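Below is one structure, written out as structure tokens; comments come after it.
This structure is a prediction, so every number in the text was calculated from the model and none was measured. Only this structure's heavy atoms are used, side chains among them; waters, hydrogens and symmetry mates stay out.
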Amino acid sequence: LKATLFDHQLSGFRWLVRQWDQGAGGLLADDMGLGKTVQVIALLAHLHEQGQLAPTLLVVPLALMDTWREELAKFAPTLPGPYLHLGPGRVRNVEWLQHQPLTLTTYDTLRRDQLLFGKVKYRAIICDEAQTAKAHSSQRSHALRAMQGHLRLAMTGTPVENRLEELWTIMDFVQPGRLGSLKAFRETYGRGQAMPELFEKIRPHYLRRTKEEVLADKLPQKTVQVMYVDSSAEQQAYARAIVTEVHHKRIHPLQALARLRLLYAHPGAVTQRLAGLPPERVPKLEAVLRILDAVRERGEKALIFTESRRVQALLVEALMRRYGVPEVPVINGESTHRQAMVTQFNAAPGFRVCILSPRAAGVGLTLTSANHVIHYTRWWNPAVENQATDRVYRIGQTRPVTVYHVITKDPANFPKGTVEEHIHALLEEKQDLARQVLVPFDVRSVQDQVMRAMFGGEAPSEG
């Protein structure tokens with residue numbers, strides 16, 4: 001292994017070896033940025049050294065194929081290079097697969113080739129970002145749980161995102177039968193009851209450490225800056241129109257929230273007619289450009305997170321115009337060669353900005369060359385935002401990290417707070433819940449609270 005492990009990584013490696021020795025499955029649920037990948041690569045190197053590696057199956061999201069190839073080559077160059085089971089030219093011979101030391105494939109390819117893979121008796125089956133197969137009834141999940149393996153290992157920093165059943169699905173792969181039938185699991189734990197008993201049941205197969213626990217003295221300082229800006233005349237006019245439509249029941253409040261979020265990000269995201277507004281008439285954009293001016297003066301790098309493709313495009317135009325750069329990298333659900341973009345961004349000297357979608361880029365990427373994170377539009381779930389920030393605030397970061405929230409006010413239309421103000425308040429309130437990764441986070445509840453706060457009364461049903 002070409003790496004010096006931190007203490008928590010060394011103890012994680014030893015835990016993985018114990019799971020292997022006992023033939024017991026494992027869910028490695030370390031916090032984002034603690035190096036789950038290098039711990040698993042250490043296990044693979046150990047198995048190879050013991051002559052126990054072949055055959056091992058590694059299942060990852062498509063977007064992480066290149067990342068795993070690079071990390072394997074970097075940390076364990078003496079391991080046999082993985083066979084990439086992907087695309088129309090992939091091998092469909094069971095005997096051949098049985099003799100491959102390490103096969104790397106995707107969840108969807110595994111689903112398509114379930115009957116082929118199911119005939120191979122694997123030493124270890126390892127799935128990264130295991131929440132990718134979190135729906136118990138999905139074909140991905142059925143395929144994964146049908147595999148044969150001495151060691152079943154799942155890796156994810158978010159074993160539960162929306163429903164506690166996601167934990168049952170992952171554990172039913174890791175250690176089949178440990179949590180009983182799904183029906184019994186729902187009856188016992190479905191409403192969040194008996195959580196201590198649930199934790200005790202999974203404890204032999206579950207390992208999670210947080211950055212606060214193990215890296216308090218090893219990571220640089222992280223500062224969060226909250227900035228408020230006043231809405232522009234264009235934003236106020238459109239906001240009034242949206243409020244009128246809600247009151248006349250022409251649109252549902254949830255649709256109104258979506259429009260208002262775009263409006264306060266940039267009016268051009270709501271209507272093409274306003275796409276060319278100068279920054280001084282888009283207060284949030286103007287504030288972010290001022291932040292980036294200071295970042296540029298220091299020769300540092302920044303990430304900007306927003307899920308809206310239209311806002312991403314508007315930001316690209318504004319940044320190219322402001323800084324005279326020929327292109328601004330964007331990583332979202334449509335991006336190909338994400339790892340190559342990350343490698344290029346990290347290697348480039350001086351000031352750089354990368355725009356990312358929090359959902360598409362919130363996992364599997366290391367961007368520690370940046371030390372400024374701007375959440376341009378807020379995601380409903382604080383855990384998703386934390387994952388996005390952890391692209392920067394993780395092992396390998398040597399400089400202080402600053403996280404920025406720029407929030408638009410509009411007292412003329414929303415004296416009790418805009419959608420941005422309410423989302424910010426609720427996300428801050430629910431940060432502790434977001435860190436409890438075995439407790440589902442109810443996004444719809446947050447949306448309902450924002451709707452009631454802004455439009456009053458009970459949130460009407462859609463449709």
Side-chain angles (χ1 to χ4, degrees), residues 223 225 227 229-235 262-358 360-361 365-378 388-389 391-393 397-408:
T223 305
Q225 288 191 16
M227 304 168 61
V229 296
D230 290 317
S231 52
S232 66
E234 289 86 356
Q235 288 170 328
L262 291 175
L263 175 67
Y264 292 129
H266 195 302
V270 177
T271 172
Q272 180 63 33
R273 185 174 62 82
L274 297 177
L277 281 177
E280 57 268 23
R281 289 166 65 186
V282 186
K284 184 192 286 277
L285 176 59
E286 184 181 32
V288 166
L289 290 174
R290 285 201 303 269
I291 292 169
L292 293 177
D293 287 345
V295 173
R296 187 189 192 192
E297 283 183 18
R298 291 194 288 269
E300 296 176 343
K301 298 179 185 178
L303 308 184
I304 302 178
F305 285 97
T306 177
E307 77 280 3
S308 165
R309 302 282 172 85
R310 183 65 188 138
V311 173
Q312 291 169 5
L314 290 164
L315 285 171
V316 167
E317 292 174 18
L319 294 174
M320 289 172 65
R321 196 178 307 117
R322 178 84 157 207
Y323 302 112
V325 292
E327 62 178 356
V328 177
V330 178
I331 299 178
N332 56 32
E334 295 178 351
S335 302
T336 56
H337 310 299
R338 295 190 331 163
Q339 189 55 41
M341 296 170 70
V342 168
T343 301
Q344 185 177 11
F345 179 82
N346 282 333
F351 172 68
R352 290 289 188 282
V353 181
C354 184
I355 298 170
L356 310 97
S357 161
L365 299 182
T366 297
L367 287 150
T368 46
S369 68
N371 62 318
H372 299 270
V373 177
I374 300 168
H375 290 288
Y376 195 85
T377 53
R378 308 295 299 277
T389 299
R391 301 310 98 210
V392 163
Y393 194 62
Q397 181 57 263
T398 58
R399 289 169 297 178
V401 170
T402 308
V403 180
Y404 306 87
H405 299 298
V406 183
I407 299 166
T408 308

Between [X] and [Y], is any side-chain donor less than 3.5 angstrom from a side-chain acceptor?
{"X": "Q312", "Y": "S357", "value": "no"}
{"X": "Q397", "Y": "N371", "value": "no"}
{"X": "H375", "Y": "T389", "value": "yes"}
{"X": "H372", "Y": "E300", "value": "yes"}
{"X": "R310", "Y": "Q272", "value": "yes"}

Distance (rounded to the nearest 0.5 Å) between [X] [atom1] and [Y] [atom2]:
{"X": "E234", "Y": "L263", "atom1": "CD", "atom2": "CG", "value": "10.0 Å"}
{"X": "R378", "Y": "H405", "atom1": "CZ", "atom2": "NE2", "value": "4.0 Å"}
{"X": "T402", "Y": "I291", "atom1": "OG1", "atom2": "CD1", "value": "9.5 Å"}
{"X": "S369", "Y": "N346", "atom1": "OG", "atom2": "CG", "value": "3.5 Å"}
{"X": "L365", "Y": "R391", "atom1": "CG", "atom2": "CZ", "value": "6.5 Å"}
{"X": "L262", "Y": "H266", "atom1": "CG", "atom2": "NE2", "value": "11.5 Å"}

Ring-face cation of K301 near F351 (centre distance under 6.0 Å, axis angle within 45°):
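Relative to the ring axis of F351, which defines the angle, K301 lies outside at least one limit.
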Where [X] and [Y] come nearest, the two heavy atoms and their spacing:
{"X": "Y323", "Y": "L289", "value": "OH-O, 3.3 Å"}
{"X": "S231", "Y": "Y264", "value": "CB-CE2, 4.1 Å"}
{"X": "L314", "Y": "A269", "value": "CD1-N, 3.5 Å"}
{"X": "M341", "Y": "P329", "value": "CE-CB, 4.1 Å"}
{"X": "V392", "Y": "A370", "value": "CG1-O, 3.1 Å"}

Hey, is the main chain of N332 close enough, under 3.5 Å, to the side chain of S335 for a donor-acceptor pair?
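It does hold such a pair.
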Donor-acceptor pair, distance only, cut-off 3.5 Å: does the side chain of S232 make one with the backbone of Q235?
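Flag set: sc S232 to bb Q235 pair under 3.5 Å.
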Report yes if some heavy atom in the side chain of [X] is under 4.5 Å from a heavy atom in the side chain of [Y]; otherwise report no.
{"X": "M227", "Y": "I407", "answer": "no"}
{"X": "P283", "Y": "T408", "answer": "no"}
{"X": "R322", "Y": "D293", "answer": "yes"}
{"X": "V403", "Y": "T223", "answer": "no"}

Run L315 and I304 through side chain to side chain contact (heavy atoms under 4.5 Å, CB included) and show every step you take.
CA-CA 9 Å; L315 285 171; I304 302 178; 3.9 Å; yes
Derivation and outcome, salt bridge (Lys or Arg N to Asp or Glu O under 4.0 Å), residues R281 and E286:
CA-CA 8 Å; R281 289 166 65 186; E286 184 181 32; over 6 Å; no
In sequence, state the C-alpha distance, the side-chain angles, and the governing distance for T306 and L356, and then conclude on side chain to side chain contact (heavy atoms under 4.5 Å, CB included).
CA-CA 6 Å; T306 177; L356 310 97; over 6 Å; no
V328 and I355: side chain to side chain contact (heavy atoms under 4.5 Å, CB included), yes or no, with the steps?
CA-CA 7 Å; V328 177; I355 298 170; 4.0 Å; yes
For L303 and V353, what are the C-alpha separation, side-chain angles and deciding distance, and is it a side chain to side chain contact (heavy atoms under 4.5 Å, CB included)?
CA-CA 6 Å; L303 308 184; V353 181; over 6 Å; no
Taking the six-membered ring for Trp, are the ring centroids of Y404 and Y376 within less than 6.0 Å of each other?
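No - the distance between ring centres of Y404 and Y376 does not fall below the 6.0 Å cut-off.
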Heavy-atom count around E317 CD within 6.0 Å, excluding the residue itself: above 12?
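Enclosed.
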